[in-house]
Amino acid sequence: MRPMLATALLATTLGVPASPAAAEPVRDATMAALPQLTALYRELHAAPELSRQEVKSAARMATEARKAGFTVTEKVGGTGVVAVLRNGPGPTLLIRTDMDGLPVTEATGLPFASKVRATTADGVETGVMHACGHDTHMASWVGTLRNLSAMKGQWSGTLVMIAQPAEEVGLGAQAMLADGLYTRFPKPTHAIAFHDSAGLQAGVIGVHSGYTFANVDSVDVVVRGVGGHGAYPNTTKDPIVLASRIVGALQTLVSRELDPQTPGVVTVGSFHAGAKHNIIPDEAKLLLTVRSYTDESRKQLLDGIARIARGEAIAAGIPEDRMPTVQVEQTYTPATFNTEPLSGELRTLFTGRFGEARVKEVPATMGGEDFSRYYLADKSIQSMIFWVGGVPADKWAKAQDGVAELPSLHSAGWAPDAEAVIGTATEALTAAALDVLKK
């Protein structure tokens, strides 16, 4: 597709004015490459790999980076790829893509839908799908590194392009950092990434400063009682009733203990107990996800869970040696913080480039993103992750009219308008890099 035609079609789809007819190097280069990038996306979409199994995806990213003239190191933090391009004095910019798919059996009906099946780390055989859009991330990453390699005369500094494994399990960034990302390779002064969005129209950019993604903790609560016959509950200490009281009391942590202006989530995602109608079991198990932004609110919620579990058990007459156990997983995803002045500068850059109709201020989310770790490893780094909408125009219109519901990320039905995502993200990432690394 010709560059200006592709640009005009995208603008028409979004209902915004097309760009002027004058040549625009970044946009023209991106649109000229869009057919190839879309083909790469379809190839990646049809061949997803689970977290920490991204061998073929990583090899493809490494190959593309080498073709573009980058110095490439593979197997960083497992299957991670680090591609470095030095181009004179200046800042060092890290641009990240993630690579892993999800244990989801695809139901999009796309002609290139994934038919892959694999076994998870827990030994469960499952379908595998890029249900979070990491295939669009990888294609955009490739488009960006190609653009910046071809435009070396327009910038000065060092590019560190990384393809990260295991984002979906919150371990990939940590693994790459532990494997020397900031010591074996140039340490970034700036870090940028994007994520496709199932809540924005395709081609619309979402930006937010400050906390953007949440702390994500997983908590296991084992509620212990004294089992017995269901016909004689008076002879037992029923852990199901106790666990139910705990579930109810946990809801007050956010509604009555956090400051009303401090966001938080405590969700009990699993409640498992017993095996037969007439047997009161000895134990019940609760699995929780806990979301927060600050270290202080995180501690308040986690401490509150332990306090409520113990307090309800005492009220139920549970002996000391049968108190509930509360286990917080040591590996957690820390909150992602978009720094200033970079966030404001890129918001201005994107608005000037794409127009106000295509750049939206969006609220923070309680989802998790381990892109956070690149900034937290050194808070002198300027860092930003932004959204690029993927909802096709026709589906967006139906949803706005209330006649259709949109699938979310991680849904078996998530099928973004890949061309709009890749075209917009590649242009935005390239323009951001040229701004950060401007001569």
Side-chain angles (χ1 to χ4, degrees), residues 41 44-58 60-61 76-81 96-108 114 116-141 162-179 193-199 212-218 265 267 269-270 287-291 329-336 365-374 376 385 387-388 390 407-416 421 425:
Y41 153 77
L44 294 166
H45 184 88
E49 297 170 295
L50 291 173
S51 302
R52 294 184 285 188
Q53 299 179 23
E54 311 93 340
V55 176
K56 294 180 181 178
S57 300
R60 185 59 189 274
M61 296 300 99
V76 180
T79 58
V81 177
R96 183 212 73 168
T97 183
D98 34 20
M99 299 185 289
D100 48 336
L102 285 161
V104 174
T105 300
E106 182 162 355
T108 61
S114 169
V116 172
R117 296 192 66 80
T119 302
T120 69
D122 298 326
V124 177
E125 185 183 346
T126 177
V128 186
M129 178 190 173
H130 271 302
C132 203
H134 295 186
D135 42 5
T136 64
H137 300 180
M138 286 186 280
S140 302
W141 185 84
I162 66 170
Q164 179 203 302
E167 187 278 329
E168 295 293 359
V169 294
L171 298 174
Q174 186 176 38
M176 293 190 77
L177 287 163
D179 200 12
F194 91 96
H195 202 296
D196 72 311
S197 170
T212 302
F213 290 87
N215 294 311
V216 180
D217 281 285
S218 297
V265 173
T267 293
S270 175
L287 304 181
L288 285 63
T289 186
V290 182
R291 310 294 171 115
E329 288 190 7
Q330 292 301 305
T331 55
Y332 81 105
T333 300
T336 302
T365 174
M366 278 292 171
E369 234 303 345
D370 73 350
F371 180 71
S372 57
R373 291 193 179 275
Y374 300 113
L376 292 174
I385 185 169
W387 295 99
V388 174
S408 67
L409 296 177
H410 291 207
S411 163
W414 174 236
V421 174

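This structure is a prediction, so every number in the text was calculated from the model and none was measured.
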- [ ] Can you label the angle between the H130 ring and the H45 ring as parallel, tilted or perpendicular, going by 30° and 60°?
- [x] tilted
Task: Parallel, tilted or perpendicular: rings of W387 and F213 (30°, 60°) - done: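 Geometry flag for W387 against F213: tilted rings.
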Within the distance-only criterion (no hydrogens, no angle test), does the side chain of [X] pair as donor or acceptor with the backbone N or O of [Y] below 3.5 angstrom?
| X | Y | result |
| --- | --- | --- |
| Q53 | T119 | yes |
| W141 | A193 | no |
| R291 | M366 | yes |
| S218 | E329 | no |
| D135 | Y41 | no |
| T267 | G269 | no |

Non-hydrogen atoms of [X] and [Y] that approach each other most closely:
| X | Y | answer |
| --- | --- | --- |
| E168 | S51 | CB-OG, 3.7 Å |
| D98 | M138 | O-CG, 3.5 Å |
| G80 | M176 | CA-CE, 4.1 Å |

Task: Test ring-ring contact (aromatic ring centres under 6.0 Å, His included) applied to F371 - qualifying residues, sequence neighbours left out - done: Y374
Open item on the list: Can you confirm whether the side chains of T79 and E54 place a donor and an acceptor under 3.5 Å from each other?
Closed with: yes
Task: Residue list, side-chain hydrogen bond (donor to acceptor under 3.5 Å, both in side chains) with T333, at least two apart or on another chain - done: none
Task: Pairing residues for R60 by the side-chain hydrogen bond (donor to acceptor under 3.5 Å, both in side chains) criterion, not counting sequence neighbours - done: E43, E64
- [ ] Taking side-chain contact (heavy atoms from CB on, under 4.5 Å) as the test, write out the residues that go with L171, two or more places apart.
- [x] R52, A166, V169, Q174, T331
- [ ] Not counting sequence neighbours, which residues clear side-chain contact (heavy atoms from CB on, under 4.5 Å) with S408? List them please.
- [x] S411
Task: salt bridge (Lys or Arg N to Asp or Glu O under 4.0 Å) involving E369 - partner list, sequence neighbours excluded - done: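 Residues passing salt bridge (Lys or Arg N to Asp or Glu O under 4.0 Å) with E369: R96.
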Task: Check ion pair E49-K56 (N to O, under 4.0 angstrom) - done: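 A salt bridge is absent here (no side-chain N lies under 4.0 Å from a carboxylate O).
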